[in-house]
Asks: 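Have a look at this one.
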Amino acid sequence: MKQYLKYVRPYLFSFIVGPCLMIVEVIGEVLMPYFMSLIINRGVANHDVPYITLMGGAMIVTALLMMAGGIGGAYFGAKGAISFAADVRRDVFLKIQKFSFANIDKFSTGSLVTRLTNDITQMQNLVNMALRMMLRAPGMLIGAVIMAVMMNAQLAMVLLVVIPLLVIAIISIVRIAFPRFDTMQKKLDRVNSGIQEALTNVRVIKSFVRGEHEEKKFADANDDLKESSINAMKIMILLMPISTLIMNMTVLAVVWFGGNQVIAGTMPVGDLTAFVSYVTQILMSLMMLSMVILQSSRAMASAKRVQEVLNEEVDLTDDNAGQKQLEVKRGKIEFKNVSFRYYKDNHEKVLDGISFVINPGEIVGIIGSTGCGKTSLVQMIPRLYDADEGEVLVDDVNVKEYSLYNLRNGVGMVLQKNVLFLGTIEENLAWGDEHASEETIAAAARAAQAEDFINSFTDGYDTELGQGGVNVSGGQKQRLCIARALLKKPRILILDDSTSAVDTATESRIRESFSTTLKDTTKVIIAQRITSVMEADKILVMDEGRIVGEGKHDELLKSCEAYQEIYYSQMDKEVEK
Ligand code: UTP
Ligand code: MG
């Protein structure tokens, strides 16, 4: 938990002043019953009106000071807690941005959302509570005990019995509550994951008429959360009545024993009323402390989960990069005996002993059956994943030597599962280059064969896109994604099945425009259709994580069995059509 101290430091003022102001309130609280006992013992007993007025005035002043302290304490407490939480949230978010794909796969997105929102709120609540109670509860406890003992040490003995009883009750409640809160947060993760998945995929759910199934799945998760929350709350609920019961019994005992002393004339009446107040204060402060402890057990569970994100080791960084200044200039790519697997404990290799060279400016096609590792292979180039064995070189330098910024800036990649963002078409394209002029954007759109359909929209480049780019067709979306990548003016452009939803005529126009506008750029094109890569300088044929053929179309057609198979199966289909 030491880790969180650095989030306190910037707000030290609030963290110190808040509790100090609360002390003002406590002093007032402890003084009030004393003034009251004076009024009863001296003023009322002696019919001394001026004395009553004087003491009444003192009480009003004290009450006003208490109010000021209370307001100030609450303000600084809230301010400190909110600022603390905001900073933690910022850092967790930044950390997630740094995560590699492998890191993200480890936590579900729903869980990350819960950690960023609910878990941090729990921590904020604890800090807020602690700032208000930290000095107030112990202060009140100590102050009231001192006053009670000073007033009547004999009667104060009652406390010796009650306080341990209450402490035992509190400790057992907290011990039962902690694991229940932990379970509760985990269930909340599941609910949030469910919400997230259902909302982002609402179209798929509707088209498969799976609405009912999703509703049931969500209801189950939600009920689960409800059960575990009630389970945790049951314990919280117990705390109040048990403490109140103990408190009432104690007051009764005090009145019983104290009453006898008053009758015997060994104790003034005013002292008895004040004593009852002090006993109540002592028990109240213990209850406050137990609330803080309970909230901490809840917040600790959350803090641990937030810490897991903060302390997660990002397994793909450029910290050890030797040539951070280096930029991708020529666009040469070389794989030397590269092997890779997604799950390190699993011995199934997704890529196995891959070696090839792509020279600057070449157009290279990659073809192979689904699941053979094409996407995995190209993801090694901009270091979306790192190779387990072997080396990936760009411009004859290991990709690990580049800064991630320079490497990824030099490598434009249109991902197979690509998305657009909420905003206009222009804003989306400008992702590739924030400072691009209108002409540059239009040129990129033209090269990607997107200009015509953009202009056919009434709002043109200002057309608003829905989240994920839902209001354009699949083929239009792919072309916008290509245009966005082109704006980066990369030295290496990777298209992962990026024209699968585009008709063949448009696709060939895109290829043509590439050969003029992107002459010097190295182009790696993954495709399902052989026609998409037929004219490439070189084609890599993959099968089950290995390269089984390399060469031009004509050569492969003669020599590579796997290539012949794909070619003829596709040609047959053409003939059938
Ligand atoms: P790829 O995603 O590299 O295959 O997965 P691909 O050649 O591009 O396939 P298509 O043409 O797009 O369909 C290669 C293998 O890696 C596994 C997959 O199960 C597949 O067998 N894989 C992929 C994972 O285990 N985890 C991932 O995140 C992605
Ligand atoms: Mg793929």
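Numbering of residues begins at 1 and proceeds along the displayed sequence. Remember, it's 1-based here, ligands and their atoms both numbered in the order they're listed.
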Asks: What protein heavy atom sits nearest atom 12 (O) of ligand 1, and how far away is it?
Replies: Gln416 NE2, 2.7 Å
Asks: State whether the number of non-hydrogen atoms from other residues, nucleotides or ligands found under 6.0 Å of Arg509 atom CZ is greater than 12.
Replies: yes
Asks: Out of Arg305, Lys106, Lys98, which one pairs with Glu312 under the salt bridge (Lys or Arg N to Asp or Glu O under 4.0 Å) rule?
Replies: Lys106
Asks: Could you confirm whether Thr370 has any N/O/S atom lying under 2.8 Å from the Mg ion (ligand 2)?
Replies: no
Asks: Among all the protein's heavy atoms, is there at least one whose distance to atom 7 (O) of ligand 1 comes out below 4.0 Å?
Replies: yes
Asks: Using heavy-atom distances, let me know which of Gly371, Ala102, Ser369, Cys372 sits nearest atom 20 (C) of ligand 1.
Replies: Gly371
Asks: When you measure from atom 13 (O) of ligand 1 to every protein heavy atom, which one gives the shortest distance, and what is it?
Replies: Thr370 OG1, 2.6 Å
Asks: Dump the intermediate steps for side chain to side chain donor-acceptor pair (under 3.5 Å) on Ser111 and Arg115, then the final yes or no.
Replies: CA-CA 6 Å; Ser111 170; Arg115 287 167 209 244; 2.8 Å; yes
Asks: Regarding ligand 1, does Gly373 bring an N or O atom to under 3.5 Å of one of the ligand's N or O atoms?
Replies: yes
Asks: Below 30° counts as parallel, above 60° as perpendicular, anything between as tilted: where do the rings of Trp431 and Phe421 land?
Replies: parallel
Asks: Decide if the gap between the ring center of His553 and the ring center of Tyr567 is smaller than 6.0 angstrom.
Replies: yes
Asks: Counting only heavy atoms, which portion of Gln528 has something under 4.0 Å from ligand 1: side chain, backbone, both, or neither?
Replies: side chain
Asks: Do you see a protein non-hydrogen atom under 4.0 Å from atom 18 (C) of ligand 1?
Replies: no
Asks: What residue and heavy atom of the protein are closest to atom 11 (O) of ligand 1, and at what distance?
Replies: Lys374 NZ, 2.7 Å
Asks: Kindly confirm whether the Mg ion (ligand 2) is within less than 2.8 Å of some N/O/S atom in Gln416?
Replies: yes
Asks: Hey, which atoms in ligand 1 end up nearer than 4.0 Å to a heavy atom of Val350?
Replies: 14 (C), 15 (C), 16 (O)
Asks: In the protein, what heavy atom is nearest to atom 2 (O) of ligand 1, and what distance, to one decimal place, separates them?
Replies: Thr375 CB, 3.6 Å
Asks: Would you say Arg330's side chain and Pro360's backbone share a donor-acceptor pair under 3.5 angstrom?
Replies: no
Asks: If you count the non-hydrogen atoms of other residues, nucleotides and ligands that lie under 6.0 Å from CD in Glu401, is the total more than 12?
Replies: yes
Asks: Has the side chain of Asp318 got a donor or acceptor atom that lies under 3.5 Å from a matching backbone atom of Lys324?
Replies: no
Asks: Nearest heavy atom to atom 3 (O) of ligand 1 wins, so pick from Ala527, Ser376, Gly545.
Replies: Ser376
Asks: Quick check: are there more than 12 heavy atoms from other residues, nucleotides or ligands sitting under 6.0 Å from CD of Gln3?
Replies: yes
Asks: Which is closest to atom 16 (O) of ligand 1 by heavy-atom distance: Tyr342, Tyr343, Phe101, Phe340?
Replies: Tyr342
